[in-house]
Amino acid sequence: MIARNFPLLTIMILLICSFIMPIVKEAKTFKKLSIISMGASVVLNISTLIYIKYDGSFFYRVGHWDAPWGIELHIGMIEIIIGILFTLVASLVIWYSFYSVDTEIPKEKIRFYYLLINILIASLLGIVYSNDLFNSFVFIEVSTLASCGIVVIKDKKENIKATLKYLILSILGSGLFLMGIAFIYSITGNLNMTFIHNELAEIYIKYQNTILISLALFTVGLGVKSAMFPLHIWLPDAHSNAPSTSSALLSALVLKAFVFMLIKILLRVFSLEIVIQYRVLDLLLILGSIGMIFGSVLAIMQKNIKRVIAYSSVAQMGYIFYGIGLGNSLGLTISIFHIISHALTKSTLFLAVGSMMEQTGKNLSDLKGIGKEMPVTLGIFTIGAFSMVGIPILPGFISKWYFALATIDASKLIYLGVILLSSLLNAVYYFPIIINGYFGEENLKGKVFMSKNKPVKELLPVLILTVGIILVGIFNKGIINAINKSLI
Amino acid sequence: MKSTILYEVSKFLIPIIQLFGIYIIFHGHLSPGGGFAGGTIIGAGLILYRIVFGEEKAQEKLKYTKLLNLMCGSLITYGILKGYSFIVGGSNVHLFDIPLGKPGDILSGGLILPLNICVGIVVSVVIYFLFNLFYEGEI
């Protein structure tokens, strides 16, 4: 019974601990505080998972007021799996950042960096857990400001430019989201998702245009924030200029929370039966497939390694939108599974690339022969890249396989070609990095074996993430079943 | 800024502005106003002090670390007080509740008054910091 309080407690622990950080004096103390609070949230989330496994999903009333007036949290299997994913990835990224933060961020700003990470993760958990539209909007605003903060913290010219672009576009996104809430509120008179859902089931025939407008506003607003293809223009700048730990968090977690919010709105507020009558899902399907192809094509043209990975995020977000757009339960399940697999993989890739960039340069040509100097790091990168391309056992393969099955289920066979083409394009930009790193007489000339390798202690968090990728791949059946069961 | 008139007038005015801000914070649960409005007024008083008396004197009185600690302290207090109320309400246990008092008194309304004070402190400090960031580029 007491486990019901844990999701709210997680958010509160993270928020309260974040404001202790500016007060403490020693650098060691606030670093410890940051990792301890994040680790505690992982433990609390896992115990909630065990509770939900036996007692099922539940609504949690925040404060003293019942549902239509007060705020509610809805904690189900999917929410808690994503909560564990977020806190786990964040704690590993924080652990990794202890060894790299001094080189990338000015010294007096390090404590604010950890403060922002804590606020960011708390607000993302809030978006995932909340059952109240306006409450989610508040968390979305908090997460927008915090994620802009962790980009600009490097305090270089290009950072400020990238952040301004990011800030303007994502504020536009949250504005559209707020407008969507306004339209839906004006016809249902509720902000609680369950109540809106019940109300809409009765009145949706009368207000078809209003529902269409608000659906479009939600889709575009959250699409800007989660880099749906033509709205992705802020992403490459922001993700490639940020410190590598920030890029890992932004790419792995921040985008995912917004896309999960979109899934929640389509499923729990409008329900699939209503959404299918409008063309919104087709829009998601088409934009998703264009993103899958063009994200990869744009990634091929880049010279900076971090921009390559950032454009690869656009392509992978395309897969998630594509899965939602298919409009059947298998597609949605695999979209959520892809959220998990991509979050683990992309954070691994960014951290591995970050440690390679510390030793060499940021261009693809600098990374030639890196496999001899840093074999372990490039090995980690290789596993991540294999998962992105879709080599069996790894989660990238699993999600592509099931995306194909879901496409056949929805009898949209043409789109199978899109999945195939996108996978091949992924291979085109990931394999040259690996091949030039490990092989080639010219590349390896004059390189000393293991000369730039990092100590195992510093690589441990990334290694754990890699193990996580492989484990998710092996236990895919269980995860997919749990998501599928909780979806309906 | 050197001007005797400004100097003398603001010497007289700043305490009144701050007193008015405190009044609005403390009457937040009784009349229009509250933590945010009162905090902005106090912040305006601090900004006036900084403009009139100059950077050095303001930094002597309103030290950056002191204000930051004050702000973080009130944020933590807010989090703990409201979090306690959230958890107690959410899990349906009836532990200690702040007594509600007589309606119309200053000491009434349960948690609203302490929370308003916390908000007032945070807002006034943030307003002051924001002004300094845009006026001089540093706090």
Side-chain angles (χ1 to χ4, degrees), chain A residues 1-25 30 33 37 44 48 51 58-67 69-75 106 108-109 111-112 114-115 118-119 122-123 126 129-132 135 142 145 152 155 160, chain B residues 29 35-36 39 59 62-100 109-112 114-115 117-130 132-134 137-139:
Chain A
M1 201 54 202
I2 201 163
R4 281 174 171 247
N5 296 317
F6 287 170
L8 180 64
L9 210 59
T10 330
I11 299 174
M12 270 168 29
I13 287 176
L14 289 174
L15 281 178
I16 292 174
C17 282
S18 70
F19 287 107
I20 301 176
M21 286 171 204
I23 295 179
V24 295
K25 287 207 173 62
F30 63 74
L33 197 65
S37 60
L44 288 178
T48 321
Y51 173 83
F58 60 89
F59 289 95
Y60 181 78
R61 185 186 69 182
V62 180
H64 295 274
W65 298 92
D66 272 330
W69 299 283
I71 298 167
E72 237 183 4
L73 304 182
H74 174 261
I75 321 289
E108 68 277 6
K109 289 195 173 142
R111 62 178 68 217
F112 294 114
Y114 288 109
L115 181 152
N118 261 24
I119 294 180
S123 58
Y129 293 155
S130 177
N131 194 39
D132 186 285
N135 190 230
V142 174
L145 294 177
V152 83
D155 221 4
I160 295 169
Chain B
H29 52 300
F36 196 89
Q59 273 175 349
L62 306 164
K63 270 194 193 119
Y64 170 66
T65 44
K66 213 161 80 182
L67 289 181
L68 195 69
N69 287 351
L70 197 64
M71 184 169 79
C72 291
S74 25
L75 278 168
I76 294 165
T77 323
Y78 191 105
I80 289 170
L81 285 178
K82 199 62 214 171
Y84 170 78
S85 148
F86 277 165
I87 296 281
V88 167
S91 54
N92 258 332
V93 285
H94 295 282
L95 297 175
F96 171 75
D97 258 348
I98 290 188
L100 287 176
L111 275 177
I112 302 176
L115 295 184
I117 294 172
C118 292
V119 173
I121 293 171
V122 174
V123 171
S124 57
V125 173
V126 167
I127 291 270
Y128 179 67
F129 278 1
L130 263 184
N132 285 338
L133 271 181
F134 284 101
E138 58 185 74
I139 295 164

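Side-chain contact annotation: A:Tyr60 with A:Asn131, donor-acceptor N/O pair under 3.5 Å absent.
Proximity to chain A is limited to the side chain of B:Leu75, based on heavy atoms less than 4.5 angstrom apart.
Shown here are the salt bridge (charged side-chain N to carboxylate O under 4.0 Å, His left out) partners of A:Arg4, two or more places apart in sequence or in another chain: there are none. A search for side chain to side chain donor-acceptor pair (under 3.5 Å) contacts involving A:Asp132 returns nothing, not counting sequence neighbours. For B:Lys82, the side chain to side chain contact (heavy atoms under 4.5 Å, CB included) test picks out B:Tyr78, B:Ser85, B:Phe86, B:Leu115, with sequence neighbours left out.
With contacts defined as side-chain heavy-atom distances shorter than 4.5 Å, the pair A:Leu115/A:Pro22 qualifies.
Between A:Tyr51 and A:Phe58, the ring-plane angle classifies as perpendicular under the 30° and 60° cut-offs.
Taking non-hydrogen atoms and a 4.5 Å limit, the residue list of residues 7-15 of chain A in contact with chain B, ordered by number, reads A:Leu8, A:Leu9, A:Met12.
Between the side chain of A:Arg111 and the backbone N or O of A:Met21 there is at least one donor-acceptor pair closer than 3.5 Å.
Across B:Thr65, B:Ile80, B:Ile87, B:Leu68, the residue that shares the most heavy-atom pairs under 4.5 angstrom with chain A is B:Ile87.
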